[in-house]
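In what follows, every heavy atom counts, from backbone to side chain, and hydrogens, waters and symmetry copies are set aside. For clarity, every value in this text was computed on a predicted model and none was experimentally measured. Numbers restart at 1 for each chain; the letters A, B, ... are given by sequence-line order, proteins then strands.
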2 protein chains.
Amino acid sequence: MDSEAIKKCLEGSGLRCTPQRYAVMAFLIEHRGHPTAAEIFEGVNRVDPGCSRATTYNNLRDLVEAGLVREVAVEGRAARFDAKGTRHHHFICDRCGNVEDVEWYDVPGPASKSLGKRILRQSEVIFRGLCAKCAPRYATGSAGL
Amino acid sequence: MDSEAIKKCLEGSGLRCTPQRYAVMAFLIEHRGHPTAAEIFEGVNRVDPGCSRATTYNNLRDLVEAGLVREVAVEGRAARFDAKGTRHHHFICDRCGNVEDVEWYDVPGPASKSLGKRILRQSEVIFRGLCAKCAPRYATGSAGL
DNA sequence: TAATACTTTAGATTAAATCTAATCTGAGGC
DNA sequence: GCCTCAGATTAGATTTAATCTAAAGTATTA
């Protein structure tokens, strides 16, 4: 995605294209490995410092609210961020906490009676287990729900 | 579940049944609304103080590791805990952060080629939207992946 | 009982994220 | 151009969630 496209993408969602916001968004588009906020902060400032910690968090919040970025909470670890591109599910490694994409496929929704008065906005599947890096070393028999 | 059953349940998973651990487990079985660690700490000590904050966290960790309790990470909020009973999926309210159960139904796994060398241990669906309490007040058109 | 392993504790500490209040920036109106 | 004001950014303090530490307590086993 070129810089003009990123600018359009931000403005199309009602966000001003500030240098800091652009940098955060561009970083996420370029680094698709689900970085944490701390990694984004560091990465964005490595080349050209100019985006404080608070601004990194503010912009991540804005991008998530605008629907351009997805936040993935991981038990016992820092949240991870993901520029929304193609639809996909997530795989979370129980050992190292890394988040990886899993090819998208449709998931049936719950029966509407089981939803009751709730309003469903989105659904995603979280797969858990051991990532390709951890599997050879740490595999044990355990499996379950 | 009576006290003897809880004891059996702990010992069956290789955990000693200490008064504190019992209290945490019993609280989770009795309070099925996915409390946070802070709520569990408070609830357990309300009647009969005797389980410190660290012990509450230690025991929650042990119970999760033993597979008796599930931890649910919620973006931007404290994690929530859930005594594993019947299988179910989760619904997370975008507004208030509450976690609720959604009737279980089978979810197809990803194609094995898309898993690669990863080892899949479990899958769950996370539904997001507005809970029955928030829906009437805060509903807007927004929907999406 | 002695040895050992497991558990709990208060309080300090860490890590993640947010808040505060001051400052800066830029688009629109004059 | 210059004002104005909403929006954005900042450094640093603060909050919150969770963990660590080191000492003491409690079971379990031999």
Side-chain angles (χ1 to χ4, degrees), chain A residues 6-7 10-27 34-45 48-66 68-81 96-99, chain B residues 6-7 10-28 34-45 48-66 68-82 96-99:
Chain A
I6 294 177
K7 184 159 180 268
L10 291 173
E11 291 174 347
S13 299
L15 296 175
R16 241 190 233 167
C17 182
T18 68
Q20 293 84 348
R21 188 170 293 150
Y22 176 91
V24 168
M25 190 67 204
F27 183 89
H34 305 83
T36 62
E39 285 163 356
I40 296 165
F41 169 66
E42 211 212 325
V44 159
N45 285 285
D48 173 22
C51 184
S52 72
R53 180 177 308 280
T55 299
T56 306
Y57 276 99
N58 286 343
N59 281 322
L60 282 171
R61 193 214 328 101
D62 295 344
L63 292 167
V64 168
E65 272 172 15
L68 298 174
V69 167
R70 188 186 312 179
E71 182 175 355
V72 185
V74 184
E75 287 75 10
R77 314 207 183 226
R80 284 153 178 284
F81 297 86
C96 69
N98 274 341
V99 175
Chain B
I6 294 177
K7 185 160 180 266
L10 292 172
E11 290 173 347
S13 298
L15 296 174
R16 242 188 230 168
C17 181
T18 69
Q20 293 83 350
R21 189 170 291 149
Y22 176 92
V24 169
M25 190 67 203
F27 183 89
L28 278 170
H34 305 82
T36 62
E39 286 162 355
I40 296 165
F41 169 66
E42 212 213 322
V44 160
N45 285 284
D48 172 23
C51 183
S52 73
R53 180 177 308 279
T55 299
T56 306
Y57 276 100
N58 286 343
N59 281 322
L60 282 171
R61 192 212 331 98
D62 295 345
L63 292 168
V64 168
E65 273 173 13
L68 298 175
V69 167
R70 188 186 310 179
E71 181 176 354
V72 185
V74 184
E75 287 76 11
R77 314 209 182 224
R80 284 154 178 283
F81 296 87
D82 183 13
C96 68
N98 274 341
V99 175

S.K.: I'd like to check A/Phe81 versus A/Leu63 (side-chain heavy atoms, cut-off strictly below 4.5 Å). Are they in contact?
M.R.: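 Sidechains of A/Leu63 and A/Phe81: no contact.
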S.K.: With a non-hydrogen cut-off below 4.0 angstrom, is B/Ala79 in contact with a base, only sugar-phosphate, or nothing?
M.R.: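 If one applies the 4.0 Å heavy-atom cut-off, B/Ala79 turns out to touch the sugar-phosphate alone, with no base involved.
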S.K.: Which nucleotide in the list C/dA10, D/dT9, C/dT8 gets nearest to the side chain of B/Gln20?
M.R.: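 Between C/dA10, D/dT9, C/dT8, the one nearest the side chain of B/Gln20 would be C/dT8.
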S.K.: Report the distance from atom CZ of B/Phe41 to atom P of D/dT19, rounded to the nearest whole Å.
M.R.: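 Those two atoms, CZ and P, are 15 Å apart.
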S.K.: The side chain of A/Arg21 lies closest to which of these nucleotides: D/dA17, D/dT9, C/dT9?
M.R.: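 Closest nucleotide among those given: D/dT9.
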S.K.: Output the rounded distance in Å from OH (A/Tyr22) to P (C/dT25).
M.R.: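 Atom-to-atom, A/Tyr22 to C/dT25, this comes out as 20 Å.
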S.K.: Would you indicate what B/Gly14 reaches in the nucleic acid, counting non-hydrogen atoms under 4.0 angstrom: base, sugar-phosphate, or nothing?
M.R.: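 Nothing, no heavy atom under 4.0 Å.
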S.K.: In terms of the nearest nucleotide of DNA chain D, which residue is placed more toward the 5' end: B/Ala78 or B/Pro19?
M.R.: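 Taking each residue's closest nucleotide, the earlier one in sequence belongs to B/Ala78.
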S.K.: May I ask you to test the A/Arg53-A/Tyr57 pair for a side-chain heavy-atom distance under 4.5 Å?
M.R.: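 The answer is yes; the side chains approach within 4.5 Å.
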S.K.: Quick check: do B/Asp82 and B/Val69 have side-chain heavy atoms less than 4.5 Å from each other?
M.R.: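 Side chain of B/Asp82 against side chain of B/Val69, heavy atoms only: no contact under 4.5 Å found.
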S.K.: Find the distance B/Glu65:CD to D/dT19:C1' and express it as a whole number of Å.
M.R.: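 Going from CD in B/Glu65 over to C1' in D/dT19 covers 14 Å.
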S.K.: Side-chain N or O of A/Arg53 less than 4.0 angstrom from OP1 or OP2 on D/dT10?
M.R.: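 Looking at the OP1 and OP2 atoms of D/dT10, neither is under 4.0 Å from any side-chain N or O of A/Arg53.
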S.K.: Counting side-chain heavy atoms from CB outward, which of C/dA16, D/dA11, C/dA10 is closest to B/Ser52?
M.R.: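 Of all the options, the side chain of B/Ser52 is nearest to C/dA10.
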S.K.: Between C/dA15 atom C1' and A/Arg80 atom CZ, what is the distance in whole Å?
M.R.: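 In whole Å, C/dA15 C1' and A/Arg80 CZ are 15 Å from each other.
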S.K.: Is any side-chain heavy atom of B/Val44 closer than 4.5 Å to a side-chain heavy atom of B/Thr56?
M.R.: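 No, their side chains stay 4.5 Å or more apart.
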S.K.: Nearest whole angstrom, please: distance from the P of D/dA17 to the CD of B/Glu75.
M.R.: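 Value for this atom pair: 16 Å.
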S.K.: Among the nucleotides D/dA17, D/dT26, D/dG7, which one has an atom lying closest to any side-chain atom of A/Arg16?
M.R.: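 For A/Arg16, the side-chain atoms sit closest to D/dG7.
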S.K.: How long is the line joining CG of B/Leu15 and P of D/dT28, in whole Å?
M.R.: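 Value for this atom pair: 13 Å.
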S.K.: To the nearest angstrom, how far is A/Leu10 atom CG from D/dA8 atom P?
M.R.: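 Rounded to the whole Å, the gap is 11 Å.
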S.K.: Do A/Arg21 and A/Asp62 have side chains that approach each other closer than 4.5 Å (heavy atoms only, starting at C-beta)?
M.R.: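 A side-chain contact exists here, since the closest heavy-atom pair is under 4.5 Å.
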S.K.: Within residues 55-64 of chain A, find the residues that approach DNA chain D with a heavy atom at under 4.0 Å, and present them sorted by residue number.
M.R.: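 Those residues whose heavy atoms fall under 4.0 Å from DNA chain D, taken from residues 55-64 of chain A in numerical order, are A/Thr55, A/Asn58, A/Asn59.
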S.K.: Is there side-chain contact between B/Arg80 and B/Asn98, with at least one heavy-atom pair below 4.5 Å?
M.R.: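 Yes. Closest side-chain heavy atoms under 4.5 Å.
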S.K.: Decide yes or no for A/Phe41 and A/Asn45: does some side-chain heavy atom of the first lie under 4.5 Å from some side-chain heavy atom of the second?
M.R.: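 With C-beta onward as the side chain, the pair touches.
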S.K.: Hey, does the side chain of B/Thr18 come within less than 4.0 Å of D/dT26's phosphate (OP1/OP2), counting only N and O?
M.R.: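 Answer is no, no contact under 4.0 Å.
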